[in-house]
Amino acid sequence: MKKPVPPINEQERLKALRSYELLDTLPEEAYDTITKLASYICDTPISLVTLLDADRNFLKSRLGIEFSESPRDISFCGHAILTENPIFIVEDARVDERFQDNPLVKDFKAIFYAGVPLKTQDGHALGTLCVYDHKPRTLDEKQQEALLGLAKQVILLFEARKRNIELQKSQQETTARNNRLEDFARLIAHDLKSPLSSIEGLVNQLNEDYAEENDEDFTVFMEHLSTSTKSMRSYIDGLLEYYRADNLLVTKDDASLDTIVSEVKNLHKSSDVTITLNKNVDLKAVPVVAIEQVISNLIDNGVKYNTSEHPEITLSGTITKDFYSISVADNGVGIPEDKQAHIFEPFKTMGTNDRNGNKGTGMGLATVKKLVEALGGTITVDSTVGKGSIFTFTIRR
């Protein structure tokens, strides 16, 4: 008996093998179907999908034997991965000096063997698709073609698994990076609130102490400073609201849209806005607070960017098989068509001042989109400049 020698590129081959994360995995129907077909087509009692590890032959799929691995130094597959031919065939192992006295031949009567090396695109033979018989024989041309075709399917399964692994790792890295960015932004926003409060307090104190000075330059300077601090306050509050959004999704309750709108109306009692609900719907097992936040932000948006003396907001709800749908219409200034695709992105604004003369932060609608997507839905806008906007968002039932 001759032990199979490792390939010249053995370390690279082992690295490639382990990148597929197939070693010591449980049986899978896709592989078992292939070994069943190989056994049927080749008319053999044993069929295997094998993976050659450093010192063992792991059987990813096996038909006709009970054990799940064997020593590599007695394996037929260790010889098969070295072949330059499409198929490695041993017609009678008893008369082949490489396998004489091999325990697989003596104890398990592995006399006939045919194996196709399972090669990656980089040329690394990870293992084989192979068949065994207990008597000397060969494979005809059609059987060999079929075995080669099945081996290609095994490779496709390998590659699909690796792509999924890489995709999952990429998603995990993206999630981790986003989490780090969120933690950083949340920390910065929180830590800026204290010094900003001190600046605001100082501005107010200076205004009080020097109110009688009638210094025009000083007044302009202080107004500019006050506007800047208010703008920074809006950005910080918007950031914190954006990153607190996930906390609103935890608790789920039943509620009607009418009840939710009534709660939101209480926040706008001091304004001249008229809020009307046209069509009520009953919502089952939903994060009520999150929906209130979405509606409140949309109403705020419709009121702030509104030149009408009496802003009007009209809501309505509908139910489909899979979603609740809620629309929020306003009679505001409307959104230019070229800006509509970007208004839900953080820090993106229309570049115009609201009814109080302040510029928006671009965080309100970004928070809305984040919450809606977390609710399993989508949000769209239909807007005409000078007439108003209709925001429609869905919630998965």
Side-chain angles (χ1 to χ4, degrees), residues 4 7 10 13-81 83 86-90 93 102-105 107-122 124-134 139 143-169 171-172:
E10 176 64 357
R13 189 195 71 84
L14 288 173
K15 182 178 179 180
L17 170 65
R18 286 160 188 165
S19 70
Y20 289 81
E21 299 183 11
L22 280 161
L23 294 170
D24 298 314
T25 55
L26 295 172
E28 297 179 51
E29 184 178 358
Y31 295 99
D32 292 345
T33 298
I34 290 175
T35 51
K36 288 177 183 177
L37 284 171
S39 176
Y40 176 77
I41 293 169
C42 297
D43 192 23
T44 57
I46 298 171
S47 179
L48 311 171
V49 172
T50 73
L51 297 166
L52 269 293
D53 199 3
D55 56 3
R56 60 174 176 150
N57 193 21
F58 172 69
L59 312 182
K60 173 58 183 172
S61 177
R62 61 186 190 274
L63 178 70
I65 59 175
E66 297 299 323
F67 51 87
S68 61
E69 63 178 56
S70 62
R72 179 174 171 175
D73 59 6
I74 65 170
S75 71
F76 284 62
C77 300
H79 293 277
I81 65 169
T83 186
I87 302 181
F88 179 77
I89 297 178
V90 180
N102 187 305
L104 295 175
V105 179
D107 300 334
F108 295 95
K109 293 184 170 48
I111 295 173
F112 168 77
Y113 172 89
V116 180
L118 300 172
K119 291 186 177 182
T120 68
Q121 295 177 351
D122 297 329
H124 298 297
L126 307 184
T128 69
L129 170 64
C130 61
V131 292
Y132 286 89
D133 207 338
H134 301 308
L139 298 180
Q143 288 173 319
Q144 291 187 37
E145 289 179 358
L147 198 61
L148 287 167
L150 291 173
K152 289 180 181 178
Q153 296 305 308
V154 175
I155 287 294
L156 289 175
L157 290 174
F158 285 179
E159 296 302 331
R161 178 184 178 86
K162 189 171 185 179
R163 284 194 298 272
N164 286 336
I165 291 170
E166 291 172 349
L167 179 60
Q168 289 175 2
K169 288 180 178 178
Q171 290 173 336
Q172 290 170 356

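- When all heavy atoms of Gly115 and Pro117 are compared, the closest pair comes out as O-CD, 3.7 Å.
- The distance from atom CD of Glu10 to atom CG of Leu52, rounded to the nearest 0.5 Å, is 8.0 Å.
- To the nearest 0.5 Å, atom OG of residue Ser61 and atom CG of residue Leu157 are 10.5 Å apart.
- Take His124 and apply the ring-ring contact (aromatic ring centres under 6.0 Å, His included) test, not counting sequence neighbours, and it matches no residue.
- Taking each heavy atom of Pro7 and Arg72 in turn, the nearest pair found is CD-NH2, 3.6 Å.
- Applying the side chain to side chain contact (heavy atoms under 4.5 Å, CB included) test to Asp73 and every residue at least two apart in sequence or in another chain returns Lys3, Pro71.
- The side chain to side chain donor-acceptor pair (under 3.5 Å) pairs that include a residue from residues 143-154 number zero, where partners must be two or more places apart or lie in different chains.
- When all heavy atoms of Leu129 and Leu147 are compared, the closest pair comes out as CD2-O, 3.7 Å.
- Looking at Thr50, its side chain does come within 3.5 Å of a backbone N or O of Thr128 through a donor-acceptor pair.
- Looking at residues two or more places apart in sequence or on another chain, you find a side chain to side chain contact (heavy atoms under 4.5 Å, CB included) between Ser19 and Lys162.
- With Ser39 contributing its side chain and Thr35 its backbone, the two residues share no donor-acceptor pair below 3.5 Å.
- Here the shortest heavy-atom pairing between Ala110 and Val105 reads O-CG2, 3.4 Å.
- Note that CG of Leu37 and CG of Leu63 are 10.5 Å apart. Values are rounded to the nearest 0.5 Å.
- Asp53 is linked by a salt bridge (Lys or Arg N to Asp or Glu O under 4.0 Å) to Arg18, Arg56, counting only residues two or more places apart in sequence or in another chain.
- Residues Cys130 and Val116 have side chains not in contact (no heavy-atom distance under 4.5 Å, counting atoms from C-beta outward).
- Remark: Tyr20 engages Glu159 in a side chain to side chain donor-acceptor pair (under 3.5 Å) (not counting sequence neighbours).
- Residue pairs meeting the ring pair (Phe, Tyr, Trp, His ring centres under 6.0 Å) criterion with at least one member in residues 52-75, sequence neighbours excluded: Phe67-Phe108.
- For Tyr40, there are no ring-ring contact (aromatic ring centres under 6.0 Å, His included) partners, not counting sequence neighbours.
- With sequence neighbours left out, Thr25 forms a side chain to side chain donor-acceptor pair (under 3.5 Å) with Lys60.
- Legend: residues meeting salt bridge (Lys or Arg N to Asp or Glu O under 4.0 Å) with Asp32, ordered by chain and number and at least two apart, are absent.
- Among all heavy-atom pairs drawn from Leu14 and Ala54, the shortest one is CD2-N, 3.6 Å.
- Partners of Pro103 by side chain to side chain contact (heavy atoms under 4.5 Å, CB included), not counting sequence neighbours, listed by chain and number: Met1, Ile74, Asp107.
- Contacts of Ile46 classified as side chain to side chain contact (heavy atoms under 4.5 Å, CB included), with partners at least two apart in sequence or in another chain: Leu48, Ile65, Tyr132, His134.
- Looking at heavy atoms from C-beta onward, Val49 lies in side-chain contact with Leu118 at the 4.5 angstrom threshold.
- In this structure, Ala38 and Thr44 approach most closely via the heavy-atom pair O-OG1, 4.5 Å.
- In this structure, CD in Glu69 is found 11.5 Å from CG in Leu51, a value given to the nearest 0.5 Å.
- Listed for the Arg13 side chain is no donor-acceptor partner under 3.5 Å among the backbone atoms of Leu17.
- Note: Leu59 CG to Cys77 SG = 8.0 Å, rounded to the nearest 0.5 Å.
- Considering only heavy atoms from C-beta on, Leu22 stays 4.5 Å or farther from Leu126 through its side chain.
- Two residues are said to be in side-chain contact when any heavy atoms from C-beta on lie closer than 4.5 Å; Phe112 and Leu139 meet this criterion.
- Atom CD of Glu28 and atom CD1 of Ile34 lie 10.5 Å apart (nearest 0.5 Å).
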